[in-house]
Amino acid sequence: MIHLRLALAFALVGLIFTSRTWLRWLHTLPPEAGLLVKYASILFVILFFTWADPTVKLVHKKQALGALLLYMSFNIIFNYQSEWIDDSGSSNVGKQTPDGALYHRAKNTLNLDPELARILTFVVVPFALVMFGSRLVRNGSKVNLD
């Protein structure tokens, strides 16, 4: 049941934070403000996940900030969505992100309309990955981020 709660929490986060309303609002912000809002939202979501899945324990709330900084570092390196990608002459790399590849396949191979491709990419697939991944991580024991 815990796996289901965490997977549902991820699905809800995917549904909310990829909605046209959210993205269009972020679009109105300058890059730095949008980045700040995005990472504040991620920090909130990390804390939300500790509520959704009580086996994910943060002894100190600073751990959530630490996890966010580590995530941000990985994202800086591997997100491949900055102007540098186009400047380097590698524009196709922008589609080689997890969401880029999934959305591209959903839209072009499965011929889904954009909204259904969004739901598959940002709600259904994360739900399935968390269900499978959380079982692998737990392997019958609690997850402790000490």
Side-chain angles (χ1 to χ4, degrees), residues 2-53 55-58 60-139 143-146:
I2 293 292
H3 303 292
L4 181 61
R5 281 183 58 173
L6 185 60
L8 286 172
F10 265 93
L12 178 64
V13 166
L15 187 67
I16 292 169
F17 289 104
T18 63
S19 69
R20 289 181 196 272
T21 304
W22 172 257
L23 294 174
R24 287 182 178 159
W25 179 72
L26 277 180
H27 178 73
T28 66
L29 303 174
E32 298 80 8
L35 183 67
L36 181 63
V37 167
K38 178 182 168 183
Y39 279 93
S41 300
I42 293 169
L43 182 60
F44 167 77
V45 166
I46 291 170
L47 295 170
F48 171 67
F49 288 156
T50 65
W51 171 82
D53 183 348
T55 64
V56 176
K57 297 284 185 216
L58 296 176
H60 305 287
K61 298 302 178 200
K62 289 186 289 187
Q63 288 176 305
L65 182 58
L68 177 65
L69 295 175
L70 292 172
Y71 167 75
M72 187 175 185
S73 297
F74 277 107
N75 231 4
I76 288 169
I77 297 166
F78 294 107
N79 199 21
Y80 298 143
Q81 293 180 359
S82 73
E83 292 175 41
W84 165 244
I85 300 305
D86 290 334
D87 292 346
S88 72
S90 309
S91 61
N92 192 48
V93 172
K95 292 180 187 170
Q96 296 172 356
T97 60
D99 63 315
L102 284 168
Y103 185 81
H104 179 77
R105 283 292 153 230
K107 208 173 151 204
N108 297 309
T109 303
L110 300 176
N111 295 318
L112 297 178
D113 69 66
E115 189 62 25
L116 283 176
R118 175 184 82 91
I119 297 297
L120 179 67
T121 302
F122 299 105
V123 179
V124 175
V125 171
F127 176 87
L129 291 174
V130 170
M131 283 296 290
F132 181 70
S134 67
R135 288 179 187 262
L136 290 175
V137 168
R138 280 185 182 81
N139 196 20
V143 175
N144 194 343
L145 298 176
D146 284 336

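Quick note: numbers below take in every heavy atom, side chains included, and nothing from hydrogens, waters or symmetry partners.
Residue pairs meeting the salt bridge (Lys or Arg N to Asp or Glu O under 4.0 Å) criterion with at least one member in residues 105-116, sequence neighbours excluded: R20-E115, E115-R118. Applying the salt bridge (Lys or Arg N to Asp or Glu O under 4.0 Å) definition to pairs two or more places apart or across chains, none involves residues 33-44.
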Derivation and outcome, side-chain contact (heavy atoms from CB on, under 4.5 Å), residues T18 and I119: CA-CA 9 Å; T18 63; I119 297 297; over 6 Å; no

task: Starting from the C-alpha separation in whole Å, work towards a yes-or-no answer on side-chain contact (heavy atoms from CB on, under 4.5 Å) for L8 and F127.
output: CA-CA 6 Å; L8 286 172; F127 176 87; 3.7 Å; yes

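Taking 4.5 Å as the limit, every side-chain heavy atom of P31 sits out of range of all side-chain heavy atoms of L35.
The CD1 atom of I42 sits 12.0 Å away from the CG atom of L65 when rounded to the nearest 0.5 Å. The CG atom of L112 lies 6.5 Å from the CG atom of L120; values are rounded to the nearest 0.5 Å. For the atom pair CG of L69 and OH of Y39, the computed distance is 10.0 Å after rounding to the nearest 0.5 Å. Note that CG of L116 and OG1 of T121 are 10.5 Å apart. Values are rounded to the nearest 0.5 Å. The structure places CD1 of I16 at 10.5 Å from OG of S41, a figure rounded to the nearest 0.5 Å. Note that the CG atom of L68 and the CD atom of Q63 stand 13.5 Å from one another [nearest 0.5 Å].
By the side chain to side chain donor-acceptor pair (under 3.5 Å) test, S19 is found to be paired with no residue, residues two or more places apart in sequence or in another chain being considered. In this view, W22 and F17, W25 satisfy the ring pair (Phe, Tyr, Trp, His ring centres under 6.0 Å) rule, not counting sequence neighbours. Under the rule for a side chain to side chain donor-acceptor pair (under 3.5 Å), the partners of N108 that lie at least two apart in sequence or sit in another chain are H104. By the ring pair (Phe, Tyr, Trp, His ring centres under 6.0 Å) test, Y71 pairs with no residue at all, sequence neighbours left out. By the side-chain contact (heavy atoms from CB on, under 4.5 Å) test, L47 is found to be paired with L58, K61, A64, residues two or more places apart in sequence or in another chain being considered. Partners of F49 by ring pair (Phe, Tyr, Trp, His ring centres under 6.0 Å), not counting sequence neighbours, listed by chain and number: F10. Considering only residues two or more places apart in sequence or on other chains, T50 meets the side chain to side chain donor-acceptor pair (under 3.5 Å) condition with none of them. When the ring pair (Phe, Tyr, Trp, His ring centres under 6.0 Å) test is applied to W84, no partner is found at least two apart in sequence or on another chain. For L36, there are no side-chain contact (heavy atoms from CB on, under 4.5 Å) partners two or more places apart in sequence or in a different chain. A search for side-chain contact (heavy atoms from CB on, under 4.5 Å) contacts involving A33 returns L29, P30, not counting sequence neighbours.
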